[in-house]
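Note sheet for the following structure.
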Amino acid sequence: HEAGNPPEILQGPAGDWPLLTYDATALQGGADLFVEWLPKLDDRVSFDAAAIADWRAAWAPIVASGAAGASVMAHRDYHAENLIWLPERQGAARVGMIDFQDAV
């Protein structure tokens, strides 16, 4: 990774924001959004305790691997409304990004 490790604090004109570690809790929480929200979107779907345990067991090696070696920033709220066109800049720097409160 050419840029090196991300900073511990993101600094910007609106103030500073701590960049938290994307640890096992954050990784599992992101994965668990599927089993939490899918039944709310489709009432034909439900997950009992055994299914959730199987889900977490399937994710366990990924969570452990990611938490042990994660050294990049994950924005976690990346969509068009959080991108800003900066015409005075050149190349990839012409696209700015906002809304870092969920970044880890």
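Please read these numbers as outputs of a predicted model, since none were measured by experiment. Here, residue 1 is the first one in the sequence, and each next residue gets the next number.
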Self-check item: salt bridge (Lys or Arg N to Asp or Glu O under 4.0 Å) partners of residues 46-56, not counting sequence neighbours, each pair once
Solution: Asp32-Arg56
Quiz prompt | Joint cluster assignment, Phe47 & Leu33, ILVMFWY side-chain distance < 4.5 Å | solution =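 Hydrophobic grouping puts Phe47 apart from Leu33.
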Exercise. Tell me whether Val35 is reachable from Val45 by hopping between hydrophobic residues (I, L, V, M, F, W, Y) whose side-chain heavy atoms are closer than 4.5 Å.
Key: yes
Quiz prompt | Heavy-atom pair with the smallest gap, counting every atom of Leu86 and Ala93 | solution = CD1-O, 3.9 Å
Exercise. Please round to the nearest 0.5 Å and tell me the distance separating atom CD1 of Ile98 and atom CD1 of Ile84.
Key: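 Ile98 CD1 to Ile84 CD1: 4.5 Å, rounded to 0.5 Å.
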Quiz item: CZ/Arg44 to CG/Leu38 distance, rounded to the nearest 0.5 angstrom?
Solution: 9.5 Å
Quiz prompt | Trp37, CH2: over 12 other non-hydrogen atoms inside 6.0 angstrom | solution =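 Atom CH2 in Trp37 is not crowded, with 12 or fewer foreign heavy atoms closer than 6.0 Å.
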Quiz item: Taking the inter-plane angle between the rings of Phe34 and Trp55 on a 0 to 90° scale, is it parallel (under 30°), tilted (30 to 60°) or perpendicular (over 60°)?
Solution: parallel
